[in-house]
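So the structure is just underneath, and the comments pick up after that.
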Amino acid sequence: MIQKKTTLLSVSALLVLLAFTIGLTALALNTVNLRSSFAEYITQQTKRNVTIGGDVEMDLGFSESGSLLLTLKTEDLVVYNNPDFSAEPMLHVPWVELKLGLLSILTGGFDVHGLLIERPRFDLVRLIDGRSNWQDIGILAVLPANQVNVYAGVVHWRDRMTQQAVTLADLSWRSSRSETDPTISWQTSFQLLSEVFRSPLAVRLSANAPVKLGQSSDVELNEVVGNVTAPGLVLSMRLPEMNVGIDSGRIHVAESVVTIAAAGAEVALKIADLNIDTSARQIRAALLDADCFIGRFPSTITADAIAIDLSNQRIVVPKVAVTWLDTELFGDLSATWAEGEPEVLADFDIPSADVQAILRNAGVALSDFVSSGLRPISLSGKVRWQENQWDLDGLTVKADDTIVTGWVRNHREDSAAWTFALESDDFLLVDKAEDGSRSITSAGVLVGLLADRLSNLPADVTATGSIVIGHLWIDQMLTKHVIAQIRSKGKIMSIAPLSGELYEGTGKLFLWLDRRAESPLILVRQAVGDFNLGKLLRDADDIAGIEASADFELVLAVEGRTGAELLKNARGVATVDLRNGELSVELFKQVLGSFNTQLVRAISAQLPELKVEQASTTIRIDRGMVQNQDFRFVGPEFWMEGKGSLSLSAGAMDYRILLALENDLSRDLGGIPVIPFQITGSVGDPKITLDVQELVRFKIEHELTGVLPRPSSVLPDQAAITLIQQLERQITNLQQTLDSE
């Protein structure tokens, strides 16, 4: 009975104390005083003027530990900037709730247990003179409350110096700490909206911050984790430790890990010793290490002593190293963006690039004509990138014994426009191995890839440039003083002309590439005059036994994307003329070597040399078939004529040749007036046989009549004339399109 009375008295005493406390609080704190006290407290914490437009409501309750809490609710809270900055508000809160320890109020202080803010609006501004109120964003992070919750907030950031604006929408913020663990944990998320980005970025951040009394202006964050997502983009970061000086505006991150994935590419970044000075607007990093995965080609990037000066709008990276497919690139980088026009300068050097490995890993199949031992190439130069122009100066490319130097410009305005000038003293396209086989060199592969790229450009291109080569080598074949003028407009490109000195003669080649149709069309007009055919053949294929001055003209059209298509659709006409030539026994041994007959041995012995006064032929190419109807050789006491055809795609050939001998030449061979033979088989394996039946027939006719055969008359090839006219009209139309404004 006594125990029950004791319990009843204890409860009664507690209720009396509670009633007394509530009454005392109501007397001590009327609404006006509470509003002003509340505003004064926020002013002390934020160092800003504060106004409260709504009434302050009060509720009493208990915390998890059992202490009495007073909940204050109010509307229309406004926090202003410092008067020396501006008279505008920097924070407007339509609704706020604050939970305070009741006993702390009675003692004249505020023990904040929880803060709830709904729909706040932050206005962060940088003025034209460079002053800003950005550091005020740290208010929520250092507010001495056990629980802080922000919902549906908006942050407007405006830079009046650069006329840029950024908005953080749907801002949520949650920070919490326990009474036993002096560590604040916070999480935030928002949508980042900016004209710089095409779509909003979804951002989520979280961190832990140890509470250090008396050092509220400095924040130490542990385990900062962030994620940024957008269509086609995922970015994640982890910072083991981050120090933020809110008053000084300095941020230091000893180590950070950032991963970026976008459009089939992934980059993993490690940044060491990152320092950010917001007051001086400078960012520095001691080391950046990046592992990049682009498709199936990994690469690494390292950069030392990165310095970003936002005040002077400049980035400097004095040392950059990139490794990709066992190829290293070294360089330095600097960038400025004064008045919104970025300018990037970079020096680069690639000491050795394995062309064969790069092409193999890129899935580019190399033909048998490409050497299996392509030598590495090296590149160096200076790149300058501006708002409307991209420049490459001091370009040096070394491939085998070939060195190419020059410059390239890309003007980006309404359409892409390129200008360039490249030159080389000696350019080796094809080389011969010890076993006699020929193969394309590294320089030749680069030329082939460039030609393939030009025929498959996805967009219109405007380009003007020149290429100058002192000596152009194809194995032992040499063309001197090669000059090419290149133009491109839309989907039409021309090389007009490509000129050079070819074996004591001069030549010009005009080439047009038309990409307007689905299959690219190539038109060629070539003329080479008075060149030494014998020396050309000896250097080209070790063919000896002929000397002559030659002229060559060609008009050709090929269409398609593959080699088979180009051969099948080839159309054109070529003419060849020889003057003052000599055919020696060496030529007979090579061309007629498969004749293991007494007649051939007699020809070799009795005709050691034939003088050629004139030789000519017209070659018509129509849909991949070569037609040759007027093959003619004329010299003292002999003449030769023939005709036939050749399939470019199949390589099959069928030619009929007639060699007529007169007077002494005929008597030396036993009075044989003519030697008819035919060439069949393929280009790679020709079969040369005598037409014995025709040989006997001509011999009998000559003995019976005493009349030697005469050359047959050749009518003009009307099909060749018509074809040339068609091709010339195509060439004229293309050139007019290029020349038009």
Side-chain angles (χ1 to χ4, degrees), residues 25 29 31 34-65 67-80 89-105 108-123 135-155 168 170-190 205-213 216-217 219 221 244 246:
T25 302
L29 299 174
T31 303
L34 184 59
R35 182 193 302 171
S36 61
S37 299
F38 190 19
E40 182 180 353
Y41 169 77
I42 299 176
T43 298
Q44 292 175 353
Q45 296 297 322
T46 64
K47 310 302 181 184
R48 300 290 184 269
N49 293 328
V50 177
T51 62
I52 300 176
D55 294 334
V56 178
E57 301 178 6
M58 296 184 299
D59 289 322
L60 289 176
F62 291 93
S63 68
E64 294 179 356
S65 62
S67 61
L68 285 170
L69 296 180
L70 175 65
T71 300
L72 303 179
K73 304 176 182 179
T74 188
E75 298 177 339
D76 197 21
L77 184 148
V78 180
V79 180
Y80 290 87
M90 64 82 54
L91 172 62
H92 176 245
V93 180
W95 177 259
V96 61
E97 293 184 10
L98 185 64
K99 292 184 178 182
L100 307 168
L102 183 59
L103 295 179
S104 67
I105 299 177
F110 285 96
D111 181 13
V112 181
H113 284 252
L115 175 64
L116 170 64
I117 299 175
E118 294 184 358
R119 293 175 284 113
R121 174 192 171 101
F122 293 86
D123 286 293
Q135 66 269 24
D136 295 319
I137 194 63
I139 294 172
L140 295 178
V142 299
L143 192 67
N146 294 338
Q147 296 284 339
V148 176
N149 292 280
V150 178
Y151 300 105
V154 177
V155 177
L168 307 184
D170 298 326
L171 172 67
S172 67
W173 183 291
R174 177 181 174 82
S175 64
S176 61
R177 66 175 177 176
S178 66
E179 296 178 353
T180 58
D181 184 8
T183 301
I184 298 177
S185 298
W186 58 265
Q187 303 86 36
T188 183
S189 63
F190 52 84
L205 300 171
S206 63
N208 297 319
V211 177
K212 296 182 179 180
L213 299 176
S216 60
S217 62
V219 179
L221 303 177
V244 180
I246 295 178

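Source: prediction; values computed, not measured.
- To the nearest 0.5 Å, atom CH2 of residue Trp95 and atom OG1 of residue Thr74 are 7.5 Å apart.
- Between the NZ atom of Lys73 and the CG atom of Leu98 there is a distance of 12.0 Å, given to the nearest 0.5 Å.
- Annotation for Ile52 and Glu75: closest pair CG2-O, 3.9 Å, computed over non-hydrogen atoms.
- Between Leu221 and Trp186, some side-chain heavy-atom pair lies under the 4.5 Å cut-off.
- The shortest heavy-atom contact between Pro94 and Arg119 is CD-O, 2.9 Å.
- The side-chain heavy atoms of Leu91 and Phe122, taken from C-beta on, include a pair separated by under 4.5 Å.
- Shown here are the salt bridge (Lys or Arg N to Asp or Glu O under 4.0 Å) partners of Arg121, two or more places apart in sequence or in another chain: Asp123.
- Listed here is the closest heavy atom pair of Arg174 and Asn149: NH1-OD1, 2.9 Å.
- Asn208 and Ser185 get closest at one heavy-atom pair: OD1-OG, 2.7 Å.
- Annotation: side-chain hydrogen bond (donor to acceptor under 3.5 Å, both in side chains) contacts of Ser206 (sequence neighbours excluded): none.
- Taken to the nearest 0.5 Å, the CD1 atom of Ile117 stands 10.5 Å off from the CH2 atom of Trp173.
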